[in-house]
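To start, the structure itself, in structure tokens.
Here is how names work: the chains are called A, B, and so on, in the same order as the sequence lines, proteins then strands, and each is numbered from 1. Hydrogens, waters and symmetry mates are skipped; everything else that's a heavy atom, side chains included, is used. Model, not experiment: these values are computed from the prediction.
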Amino acid sequence: MDSKTGAAGGAKSGPRVRFAPSPTGYLHVGGARTALFNWFFARHEGGTMILRIEDTDAERNKPELVEGILEGLRWLGIEWDEGPYHQSERTELYRAAAQKCLDNGSAYLCYCAAERYAGGDHAEEEGAGGKVRRVVRCACRDGKPTSAEGQPGVRFKVPLGGTTRFQDAVFGAREFSNEEIEDFVLLRSPRGEETAGQPTYQLAAVVDDIAMRITHVIRGADHISNTPKQVLLYGALGAEPPVFAHLPLILGADRTRLSKRHGATSVTSYRDEGFLPEAFRNFLALLGWSAGGDQEFLRTSELIGKFSLEHVLRTNGVFDRAKLEWFNTQYLQKLPIEELLPEVEAELKRSKLWKEEWASGAGHEWFAKTVDLLRPRVRLLPDFSSWSRAFFSDEFSYNEAAREKFWKKEPRLPEFLGQLAGALEALAEWNHDACEHALRGVAEAAGVKAGVLINATRVAIVGEAVAPPLFESMLALGRERVTGRLRAALPAVQESCKA
RNA sequence: GGCGCUAUGGUGCAACGGUUAGCACGCGGCCCUUUCAAGGCUGAAAUACGGGUUCGAUUCCCGUUAGCGCUACCA
């Protein structure tokens with residue numbers, strides 16, 4: 001059995017955890033947080049992280065649905081040590097386990113395929129609210145099948161009395177009355193050509209957690225109610241249950257569970273918008289967990305270093321996009337420049353602005369300085385190719401609002417900008433102070449405030465009202481570009497002045 | 001309906017019996033300033049309600065209310 005787990009590989013001795021998503025086509029935010037916390041825990045403890053695909057349901061057993069999950073994990077930088085294992089390939093293991101339960105009397109064959117729980121001791125009841133109360137035991141359990149037709153499924157035989165307990169690292173000691181636990185299905189009744197049924201989630205998860213020697217089950221709090229069933233199964237299969245750690249749910253702004261209704265819910269959509277993975281990790285880490293103090297800006301290495309299940313909250317949290325954006329700007333500004341550069345490079349490649357000359361040597365130096373100049377104003381990666389475009393390309397347009405704001409104040413602007421171009425060309429040295437001196441000289445001679453010229457020049461050379469300080473921008477662009485763009489802008493400025 | 005979980009500003013987190021209830025996002029103001037950001041200072045804003053326990057409750061207990069989760073031969 002062990003050989004099928006692939007557990008022979010890593011020789012690590014620490015805890016073993018798993019992230020076990022169901023293939024839904026993409027990794028959603030809640031799943032990402034669960035994966036992240038498993039990963040933090042494994043890395044912090046020197047343990048092993050396993051990836052397991054829970055595709056026992058035929059609907060979900062499709063390769064393309066798994067790919068989206070892997071894509072999300074890769075973007076987040078979450079590395080797993082084993083897997084991905086696919087439950088759809090381990091069916092025999094689950095059938096054997098179901099048979100074991102049948103053999104030792106902890107499960108029974110159930111024929112009530114169509115009408116669930118038709119008959120039985122706890123027949124249907126009308127609830128006070130008019131709703132149908134769940135029936136928890138089936139007549140088949142006592143060997144009195146309501147129908148012997150068709151193929152039977154396998155149900156777990158939950159003890160009639162007593163309680164089931166487990167330890168939760170987040171929620172503490174939990175205890176459930178067995179009366180409240182239904183006889184859940186282990187193996188579905190065989191369909192069509194099948195001679196044996198397909199396993200359900202409850203069975204497959206427990207069998208795998210045992211086989212893979214999982215020590216800590218870290219998952220969403222929506223599984224708390226499932227846990228007693230699984231604890232019972234561990235007992236029936238003769239295994240010790242792991243430590244459970246349930247994570248609070250992530251809610252949308254309306255405080256309901258995060259779903260497609262709330263817009264972007266797939267992590268790759270955040271990648272596509274231009275968020276940095278580390279900013280996203282930092283943000284997600286603080287949803288349901290804190291290091292205990294006031295520190296919020298925590299690099300991933302710090303997150304791993306400080307992570308502990310004891311500090312996981314029990315309260316559901318709301319996904320606050322504004323704060324995510326704040327984290328992104330923080331990382332954009334504070335990341336060591338060499339860590340940011342590859343991200344910007346990828347962005348410029350996406351927008352077809354990238355030039356190979358920036359990959360090394362003097363070109364790379366210029367690129368690094370320019371990105372550093374731009375980054376205090378950037379909120380998302382695409383900003384590097386939108387309003388920063390003129391720094392990387394000669395093809396750019398003048399922002400309409402910027403023209404309105406800065407090219408209409410002074411009718412003689414074209415004249416002054418022409419003078420400025422000349423003054424800059426005449427400069428003996430091309431540096432910040434020389435440029436500033438030249439511009440202020442032109443402004444003084446023209447009798448206008450320096451700001452008028454500064455703002456008008458900015459629009460002329462970068463096309464935007466939003467840009468880094470003018471003289472630094474000029475240095476980044478170089479003398480020829482600056483003077484060339486000043487002259488090239490003249491007709492457009494003329495036009496704006498007249499209007 | 002049943003079972004379970006939770007409850008600190010609008011949001012995310014601190015304070016694990018004694019604090020003028022702290023930090024951050026967001027929002028407002030001021031400073032800085034050639035644009036826009038960033039940054040600094042600053043303002044408004046919270047312990048759901050009711051009972052206990054205690055010299056003392058945000059903190060412990062009970063109840064109420066509200067929200068959420070589970071209640072499938074989905075996971």
Side-chain angles (χ1 to χ4, degrees), chain A residues 20-24 54-57 59-60 87 110 112-114 116 125-134 136 153-155 171 174-177 179-182 184-191 197-202 204-205 219-228 246 248-249 251 253 255-257 283 286-297 311 313-327 329-330 332-333 375-379 387 402 405-406 436 439-440 449-459 462 464-471 473:
Chain A
S22 171
T24 49
E54 310 234 317
D55 54 0
T56 55
D57 185 36
E59 295 277 305
R60 313 204 191 203
Q87 291 191 325
C110 180
C112 308
R116 294 183 251 169
E125 295 170 14
E126 282 299 315
K131 288 193 175 181
V132 179
R133 191 183 171 203
R134 181 171 46 91
V136 293
V154 177
R155 271 187 202 281
F171 288 86
R174 297 291 98 185
E175 182 177 316
F176 288 80
S177 165
E179 296 295 328
E180 299 297 331
I181 306 170
E182 65 175 330
F184 52 99
V185 171
L186 262 25
L187 234 42
R188 302 174 175 117
S189 45
R191 305 275 183 222
Q198 296 294 328
T200 60
Y201 158 75
Q202 307 287 2
R219 72 219 317 185
D222 48 340
H223 285 290
I224 290 179
S225 302
N226 286 324
T227 309
H246 288 99
L249 270 17
L251 312 177
R255 293 210 143 268
T256 65
R257 201 172 166 181
F283 168 72
L286 263 31
L287 220 50
W289 177 85
S290 89
D294 281 340
Q295 194 187 355
E296 293 207 288
F297 185 88
H311 281 100
L313 273 342
R314 302 203 273 240
T315 50
N316 295 166
V318 173
F319 186 93
D320 181 8
R321 189 192 157 97
K323 187 135 186 180
L324 203 213
E325 289 187 13
W326 177 79
F327 269 114
T329 61
Q330 292 298 304
L332 248 8
Q333 281 170 52
R375 65 168 163 171
R377 267 149 265 262
V378 172
R379 293 191 72 79
W387 62 258
K405 194 172 175 190
F406 296 122
E436 178 161 9
L439 182 139
R440 289 188 186 279
K449 285 202 286 187
V452 172
L453 226 47
I454 286 169
N455 291 329
T457 302
R458 178 180 300 106
V459 180
V462 302
E464 296 284 337
V466 180
L470 181 68
F471 303 112
S473 297

What does [X] touch in the nucleic acid at a heavy-atom separation under 4.0 angstrom: a base, only the sugar-phosphate, or nothing?
{"X": "A/L313", "result": "sugar-phosphate"}
{"X": "A/G220", "result": "nothing"}
{"X": "A/H223", "result": "base"}
{"X": "A/G288", "result": "sugar-phosphate"}
{"X": "A/W387", "result": "nothing"}
{"X": "A/G153", "result": "nothing"}

Counting C-beta onward and ignoring hydrogens, is there a side-chain heavy-atom pair between [X] and [Y] closer than 4.5 Å?
{"X": "A/K323", "Y": "A/L286", "value": "no"}
{"X": "A/H246", "Y": "A/R174", "value": "no"}
{"X": "A/V378", "Y": "A/W387", "value": "yes"}
{"X": "A/R255", "Y": "A/V318", "value": "yes"}
{"X": "A/F171", "Y": "A/I224", "value": "yes"}
{"X": "A/K449", "Y": "A/N455", "value": "no"}
{"X": "A/N226", "Y": "A/Q202", "value": "yes"}

Could you tell me the Watson-Crick or G-U partner of [N], where both distances fall under 3.5 Å? Say none if there is no partner.
{"N": "B/rA57", "result": "none"}
{"N": "B/rG22", "result": "B/rC13"}
{"N": "B/rC27", "result": "B/rG43"}
{"N": "B/rC73", "result": "none"}
{"N": "B/rA37", "result": "none"}
{"N": "B/rC68", "result": "B/rG4"}
{"N": "B/rC49", "result": "B/rG63"}

Which class fits the ring pair A/F319 and A/F283: parallel under 30°, tilted 30 to 60°, perpendicular over 60°?
->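 Answer is perpendicular, since the angle exceeds 60°.
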Roughly how many Å is it from [atom1] in [X] to [atom2] in [N], rounded to a whole number?
{"X": "A/E296", "N": "B/rA14", "atom1": "CD", "atom2": "C1'", "value": "10 Å"}
{"X": "A/E180", "N": "B/rC3", "atom1": "CD", "atom2": "P", "value": "6 Å"}
{"X": "A/R314", "N": "B/rG4", "atom1": "CZ", "atom2": "P", "value": "16 Å"}
{"X": "A/F184", "N": "B/rA75", "atom1": "CZ", "atom2": "C1'", "value": "15 Å"}
{"X": "A/F283", "N": "B/rA24", "atom1": "CZ", "atom2": "P", "value": "18 Å"}
{"X": "A/L287", "N": "B/rC25", "atom1": "CG", "atom2": "P", "value": "17 Å"}
{"X": "A/E182", "N": "B/rG2", "atom1": "CD", "atom2": "P", "value": "18 Å"}
{"X": "A/E325", "N": "B/rA24", "atom1": "CD", "atom2": "P", "value": "19 Å"}

Ignoring hydrogens and angles, answer whether the base of [N] and the side-chain atoms of [X] contain a donor-acceptor pair closer than 3.5 Å.
{"X": "A/N226", "N": "B/rA75", "result": "yes"}
{"X": "A/D294", "N": "B/rG22", "result": "yes"}
{"X": "A/S189", "N": "B/rC73", "result": "yes"}

Please determine, for the side chain of [X], which listed nucleotide ([options]) has the closest atom?
{"X": "A/K323", "options": "B/rA75, B/rC73, B/rA24", "value": "B/rA24"}
{"X": "A/D320", "options": "B/rA14, B/rU11, B/rU6", "value": "B/rU11"}
{"X": "A/R174", "options": "B/rG12, B/rC5, B/rG26", "value": "B/rC5"}

How far, in whole Å, is [M] from [N] if one measures between their [atom1] atoms?
{"N": "B/rA38", "M": "B/rC25", "atom1": "P", "result": "10 Å"}
{"N": "B/rG51", "M": "B/rA14", "atom1": "C1'", "result": "28 Å"}
{"N": "B/rA45", "M": "B/rC23", "atom1": "P", "result": "15 Å"}
{"N": "B/rG1", "M": "B/rC60", "atom1": "C1'", "result": "32 Å"}
{"N": "B/rU71", "M": "B/rG10", "atom1": "C1'", "result": "33 Å"}
{"N": "B/rG26", "M": "B/rG67", "atom1": "P", "result": "30 Å"}
{"N": "B/rC41", "M": "B/rU47", "atom1": "P", "result": "27 Å"}
{"N": "B/rU19", "M": "B/rU6", "atom1": "P", "result": "26 Å"}

Contact pattern, 5' to 3', of nucleotides 28-38 of chain B - B, S or - by protein heavy atom under 4.0 Å = ------BBBBS
For [X] and [Y], which heavy atoms make the closest approach, and how far apart are they?
{"X": "A/R188", "Y": "A/T200", "answer": "CG-CG2, 4.1 Å"}
{"X": "A/G288", "Y": "A/P248", "answer": "CA-CG, 4.1 Å"}
{"X": "A/L439", "Y": "A/T457", "answer": "CD1-OG1, 4.1 Å"}
{"X": "A/R155", "Y": "A/C110", "answer": "NE-SG, 3.2 Å"}

Review item, nucleotides 66-68 of chain B N/O atoms under 3.5 Å of protein N/O:
residue: B/rC68; atom: O2'; partner: A/N316; partner atom: OD1; Å: 3.2

Ignoring backbone atoms, establish whether A/T315 has a side-chain N or O less than 4.0 Å from OP1 or OP2 of B/rA7.
->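 The answer is no; no side-chain N or O of A/T315 sits under 4.0 Å from OP1 or OP2.
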Taking for each residue the nucleotide of RNA chain B with the nearest heavy atom, is it A/L324 or A/P190 whose nucleotide lies nearer the 5' end?
->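 This one resolves to A/L324.
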Using the closest heavy atom to pick a nucleotide of RNA chain B for each, name whichever of A/W326 or A/Q202 lands nearer the 5' end.
->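 Checking each residue's closest nucleotide, the 5'-ward one belongs to A/W326.
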Electrostatic pair A/R377:A/E464 at N-O distance under 4.0 angstrom |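 So A/R377 does not pair with A/E464 through a salt bridge.
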